[in-house]
Amino acid sequence: MQNAAVAKIFNDIADYLELADDNPFKIRAYRRAAEAVATHSTPIEDAAEAGTLLEIEGLGQATAEKTQEFLATGQVRFLEKLRDEYPLSLLDLLHVPNLGPKKVKQLYRERGISSVEELQSALCKGELQGLAGFGPKTLQNLQQGLLRMAEMTKRLPLGDARRVAANLVVALNSSADRIEVAGSLRRGCDTIGNINLVAQTNDAPSLIETFTKLPGVLEVGEQTDCDASARLHTGIEVHLHCATPRDFGAALFHATGSTQHLAEANQQAAARGFELRCDGLYRNDEFVAGAPEADIFKALNVPFIEPELREGAGEWEAAASGVLPVLVSLADIRGDLHTHSTWSDGTVTIRQMATEMRERGYSYFAVTDHSKALVMANGLDAARLRAQAEEIAAVQADFPDLKILRGIECDILRDGTLDLDDDILHELDIVVASVHSAFTLDEASQTARMVRAIAHPAVDIIAHPTGRVLGVRPPYMVNVGALIEAARDSATALEINASERLDLRDTHAKSAREAGVLLAVDSDAHAPRMLPNMALGVITARRAWCESADVLNTKSLENLMQWLNRPQSKPL
DNA sequence: GCCGTTTTCGGCCCGACTGTTTTCAGTCG
């Protein structure tokens, strides 16, 4: 499957054209082509072979030919020519926050800066002082941008890490009896520093050799008889630990962590007269349990603690006193309350989305396109929103078992008022409200703004409440505690946005749940390929100790409709 | 560069914000 490789070609071309200050619509066309290829559900080489590339929306004559050329020769001459003009490392500079194509080009032309490292060095040495357009504030912003980028690129977002790990497991599966993902990835942390794998095998040396020779491996680190580390081309480090059938469960338990959870596990074991070693649970030097992992909990006479709870945050006490939550699972999710269509910036029609939702087995979903303030996303005003109602009704007629809720993702304006008038909001089945502007307000203003929106009687859900995008943007400054209080007082749900954000994050979601605030786990899908992200949101909800009843969209349609018509205690 | 049609050209993605200016360029969503 070459879709990702072809998409990268088009994105690189778009980056280069941006540097060259080319026609912005041409650049957009390449980005669209990249998106179209990346989200194409079958291998692009199949379409190329069948001669149906032009049938893919977003691909035209030029991009189809370049796709063919890449598949045939492994390169695209047009891109090679662009590469001759600018060094490859220049593209990395485009990803520095606060740095766009114009300034990247200026830095390259006037200071010879062609990489992130060179920019860092020039900033440190004060070499950019006096450069036109680079005043003190800009230099400070660049310094902060570099810091943010360094922090973000060190860790992989959960979704990306899961894909990398899944590929590794597939690649190694035939060489081992069994392979499991462990570490922070198994616990479902929002970002992952390194990937831990535990394998069951009787031939560790040969598995380790296979592992270190995988095509994605950039450099091999330390090795022992049963452990190996390697850095992948993507920069992420992978640890492989080999265990025997006898101690596989203990190895998985230890590799899963967290450090705090393991420290408490040792205390718990000791208190019961056991000793927890790397290869199993012992009593008086006698092996008691080592596999499966669940046997260790059984021997300690506590219920199994789900990996998402293993953070040393009270899970051992809860287990010992029999009050561990029955965590929400993906199977509990009955619908998706935050999705987009071609009416705003989604890639598929309401009908196509409905088909996807039915395939996922949902009983309902909400069409929540952007509101008019988000001009770039072609946000809807009241007139278009009313026109959309007709299309929803028409599609609904063909989907008797799937309720399509009429909704909006309404912008919360700078002063906390909503982007649309009350009369149109009250016509809708569901109102999701969120912030897409003025991220730099101070904490008090941002909090007041959002609290005002939360208290609005028409608002049902606050989407991505802290505004972060994993690996892209940190949260804005806001008092989450105050948001939770306001949400509780007005019976407003807070979202765990499952795509690219994981916002609310686990700890905040836990506080919300403890305060009695309902959480909505939503995909915020702009394309069908984003629907499976729901799993990431559910993992985050599990890390927040959520049971099914804590999550709004586990409700049956009937109960959901009842909740949407709830009386809100606080008037505006 | 893609797309749709009024069909081989013209429209497509625009406004807010910031920092640097002294009337606006660059970046971002």
Side-chain angles (χ1 to χ4, degrees), chain A residues 6-7 9-37 53-67 76 78-79 82 93-110 128-145 148-149 340 342 344-347 369-381 409 411-415 419 434-442 445-446 463-464 467-469 472-476 500-501 503 524 526:
Chain A
V6 174
I9 299 265
F10 291 146
N11 269 324
D12 282 356
I13 289 176
D15 281 347
Y16 275 124
L17 294 180
E18 214 150 3
L19 285 174
D21 202 14
D22 209 311
N23 178 356
F25 298 109
K26 191 202 272 193
I27 297 166
R28 234 169 89 83
Y30 274 110
R31 298 237 184 263
R32 275 195 68 201
E35 174 76 8
V37 173
L53 283 175
L54 286 175
E55 287 172 22
I56 299 171
E57 202 169 322
L59 286 191
Q61 203 62 45
T63 45
E65 277 171 17
K66 289 182 179 71
T67 303
V76 174
F78 183 63
L79 178 59
L82 291 168
L93 278 173
L94 286 172
H95 299 119
V96 177
N98 310 317
L99 198 55
K102 298 287 158 54
K103 282 195 151 73
V104 167
K105 198 157 98 176
Q106 188 189 357
L107 286 170
Y108 180 56
R109 288 273 157 80
E110 296 178 25
L128 299 184
Q129 315 239 334
L131 186 59
F134 288 76
K137 203 73 193 201
T138 299
L139 294 181
Q140 197 186 335
N141 286 343
L142 280 182
Q143 194 66 262
Q144 281 170 356
R148 255 172 59 195
M149 192 159 92
H340 296 270
T342 44
S344 63
D345 57 352
T347 64
D369 278 307
H370 290 288
S371 65
K372 64 184 193 311
L374 215 53
V375 179
M376 172 208 167
N378 193 23
L380 279 68
D381 59 13
E409 180 180 9
D411 256 52
I412 300 172
L413 305 180
R414 196 188 184 92
D415 62 356
D419 186 29
S434 63
V435 163
H436 293 104
S437 62
F439 295 118
T440 53
L441 291 182
D442 62 76
S445 312
Q446 194 69 275
H464 42 78
R468 75 171 182 172
V469 182
V472 177
R473 203 166 61 223
Y476 38 70
E500 295 156 5
R501 297 174 179 266
D503 176 17
D524 191 4
H526 286 67

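Here is how names work: the chains are called A, B, and so on, in the same order as the sequence lines, proteins then strands, and each is numbered from 1.
For A/T63, the listed nucleotide lying nearest its side chain is B/dC2; candidates were B/dC2, B/dG29, B/dG26. With distances taken from any side-chain atom of A/K102 to the nucleotides B/dC17, B/dG1, B/dG26, the minimum falls on B/dG26. Nearest to the side chain of A/T440, among B/dC13, B/dT18, B/dC3, sits B/dT18. Side-chain proximity of A/V375 to the nucleotides B/dG1, B/dC14, B/dG19 is greatest for B/dC14. Proximity note for A/R473 (side chain, C-beta onward) versus B/dG29, B/dG1, B/dT20: the nearest is B/dG29. If you check B/dC3, B/dC13, B/dG1 against the side chain of A/R28, the one that comes closest is B/dC13.
A/R414 comes within 4.0 angstrom of sugar-phosphate atoms only, judged by non-hydrogen atoms across all strands, and of no base. When heavy atoms are screened at a 4.0 angstrom cut-off, A/S437 is found touching no nucleic acid atom at all. Residue contacts shown for A/F25 include a base, since a base heavy atom lies under 4.0 Å away.
Using atom C1' as the reference point in both B/dC13 and B/dC28, the two lie 13 Å apart (nearest Å). Here the separation of B/dT8 from B/dC3, taken at their C1' atoms, is 12 Å to the nearest Å.
Looking at A/N98, its side chain does come within 3.5 Å of a backbone N or O of A/N141 through a donor-acceptor pair. Remark: side-chain polar atoms of A/S437 are not paired, donor with acceptor, to backbone N or O of A/L413 under 3.5 angstrom.
You won't find any donor-acceptor pair under 3.5 Å spanning the side chain of A/N141 and the base of B/dG19, going by distance alone.
Rounded to whole angstrom, the span from the CG atom of A/L131 across to the P atom of B/dG26 amounts to 12 Å.
Using a 4.0 Å cut-off between a side-chain N of Lys or Arg and a carboxylate O of Asp or Glu, A/K102 and A/D21 qualify as a salt bridge.
By the 6.0 Å contact criterion, CD on A/E110 is enclosed, its count of non-hydrogen atoms from other residues, nucleotides or ligands being greater than 12.
At a threshold of 4.5 Å between non-hydrogen side-chain atoms, the residues A/D524 and A/H340 count as touching.
Mapping A/K137 and A/P101 onto DNA chain B by nearest heavy atom places A/K137 at the nucleotide closer to the 5' end. The nearest heavy atom of DNA chain B to A/K103 and to A/A64 marks one nucleotide each, and the one closer to the 5' end goes with A/A64.
Across all strands shown, B/dC28 forms a Watson-Crick or G-U wobble pair, both distances under 3.5 Å, with B/dG15.
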